[in-house]
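Please read all numbers here as calculations on a predicted model, not as lab measurements. Every heavy atom of this structure was used, including side-chain atoms; hydrogens, water molecules and symmetry mates were not. Numbers restart at 1 for each chain; the letters A, B, ... are given by sequence-line order, proteins then strands.
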Protein chains: 2
Amino acid sequence: MTKPRYHHGDLRAGLIEAARRLVEAKGPERLTMSDASRAAGVSTAAPYRYFADRDALLDAVALEGMERQRHAMQAGGDSHPPGSDAAISAIGLAYIGFATRERGVFRLMFSLTRTHARHPQLLQTGRATFGVLLRHLAQRDGVATDDPSVLARGLKLWTFVHGLSFLLIDDKVSAMEIPLDLPATVADATRRFLRDD
Amino acid sequence: MTKPRYHHGDLRAGLIEAARRLVEAKGPERLTMSDASRAAGVSTAAPYRYFADRDALLDAVALEGMERQRHAMQAGGDSHPPGSDAAISAIGLAYIGFATRERGVFRLMFSLTRTHARHPQLLQTGRATFGVLLRHLAQRDGVATDDPSVLARGLKLWTFVHGLSFLLIDDKVSAMEIPLDLPATVADATRRFLRDD
DNA sequence: GCCATCATGTTAGAAGTTCTAACATGATCT
DNA sequence: AGATCATGTTAGAACTTCTAACATGATGGC
């Protein structure tokens, strides 16, 4: 058994991890600093050494989530030929898979109103995530990632997987009693958005 | 000038309206009962005559928003031949239009975790909203609204407009510097999802 | 090896929140 | 006119975020 130490070791990371678990268990809006502190084994004032306020801790949880989601998407794309329909579908499925595995964190990632002004790192990470998709689309057509047609297709694909993620984590699909073959649906949408006519 | 009266008249409606405005101004999570009470001109305990707790007030705001969104979609569809691509696009645009006009309320409508169990009326109203779209899709194909192909197409179209709504209200489209012709994009997605091959 | 320094923790408390309990008011109906 | 009861108020308990002042112990110079 580990002795309770005055100094935590890495409290910042410990708090982010504790907060991540709590966000997942009870939803972002139910997270309290008290709970996070208790879970990390410190007093309620300790977090303020590392995070300006509650929102700053949530920002950190969101950022960490964005990075994990991006890695999942990267891995999904890498397991298929670059720029192929299969690769692009896999990226979308990885996006949705992250959302459904980590509803709380995913919801948090997209509930930070006007957060970009407050925390440019979140914007940067968001761009990197979108870039995973853009690179495959650009490769497919042999153009640059900021080509207007790549951006337009990227937006439509992102829109679709983003929307489906939300409908799934809000249980709308089941509430409306809609049968769903997720991989087939994502593949279908990918094919429809990528065809030229 | 109106004399301050002890009895409000219709405090329930007054609180919903005050809460709606506050949700829109500061976001759902920033709404406090204190603020809503103050805006409605009553003490902080008065709302509890009509709403069990803060969440119940938010539920009421969400419900009212869902009804207004449904009416907007209904009107959009009605202004075109039933079942036409134009009608279906118009429904989608009305959905997105509501979301961007009332970000706070729209976000609230889709942030009520596990609320269906708590408030079946929200589920019922959600079904009615989806039904606006389903009726046009069913009409188009001359089948019932619960036909699997209608449900599948309905889900894809909903997914798209839902996703685009969220990306717009979260300022992701502008953050990623994606040029967007909204009506054209919705029309394009509608056409792609409705074609048979 | 000892001790000063300072990062990192704690405790105490102010201000604000939700929600309850007990009381006050005035609209309504006989 | 007066009783009744829905609808409001005030007071306060339990919680929250966040700050200020203090405590601890890890670290580096001597």
(request) Name all pairs fulfilling the salt bridge (Lys or Arg N to Asp or Glu O under 4.0 Å) condition that reach into residues 37-51 of chain A, sequence neighbours left out, sorted by first residue then second. (result) D35(A)-R38(A)

(request) Take the protein atom NZ of K26(A) and the nucleotide atom C1' of dC15(D), then report the distance between them rounded to whole Å. (result) 12 Å

(request) Would you kindly give the CZ-to-P distance between R12(A) and dA7(C), to the nearest whole Å? (result) 17 Å

(message) Can you tell me if Q124(A) has over 12 outside heavy atoms packed within less than 6.0 Å of its CD?
(response) no

(message) Can you confirm whether the side chains of T44(B) and S34(B) place a donor and an acceptor under 3.5 Å from each other?
(response) no

(message) Determine whether the aromatic ring centres of residues Y95(A) and F160(A) are separated by less than 6.0 angstrom.
(response) no

Please list, for nucleotides 15-21 of chain C, all pairs of protein and nucleotide N/O atoms separated by less than 3.5 Å.
| unit_1 | atom_1 | unit_2 | atom_2 | d |
| --- | --- | --- | --- | --- |
| dT18(C) | OP1 | M33(B) | N | 2.6 |
| dT18(C) | OP2 | M33(B) | N | 3.4 |
| dT18(C) | OP2 | S34(B) | N | 3.3 |
| dT18(C) | OP2 | S34(B) | OG | 3.0 |
| dC19(C) | OP2 | Y48(B) | OH | 3.3 |
| dC19(C) | OP2 | R54(B) | N | 2.7 |

(request) Rounded off to whole Å, could you give me the CZ-to-P distance for the F51(A) and dT8(C) pair? (result) 13 Å

(request) Find the distance R30(B):CZ to dT17(D):P and express it as a whole number of Å. (result) 12 Å

(message) What is the distance, to the nearest angstrom, from the CG atom on L57(A) to the C1' atom on dC18(D)?
(response) 14 Å

(request) Using atom CG of L11(B) as one end and atom P of dA27(C) as the other, report the distance to the nearest whole Å. (result) 15 Å

(request) Specify the separation, in whole Å, of atom CG of D10(B) and atom C1' of dA6(D). (result) 14 Å

(request) State, to 0.1 Å, how close A18(B) and A40(B) come at their nearest heavy-atom pair, and which atoms those are. (result) CB-N, 4.3 Å

(message) Is any side-chain heavy atom of D188(B) closer than 4.5 Å to one of K156(A)?
(response) yes

(message) Distance check needed: dT17(D) P versus L58(A) CG, whole Å only.
(response) 10 Å

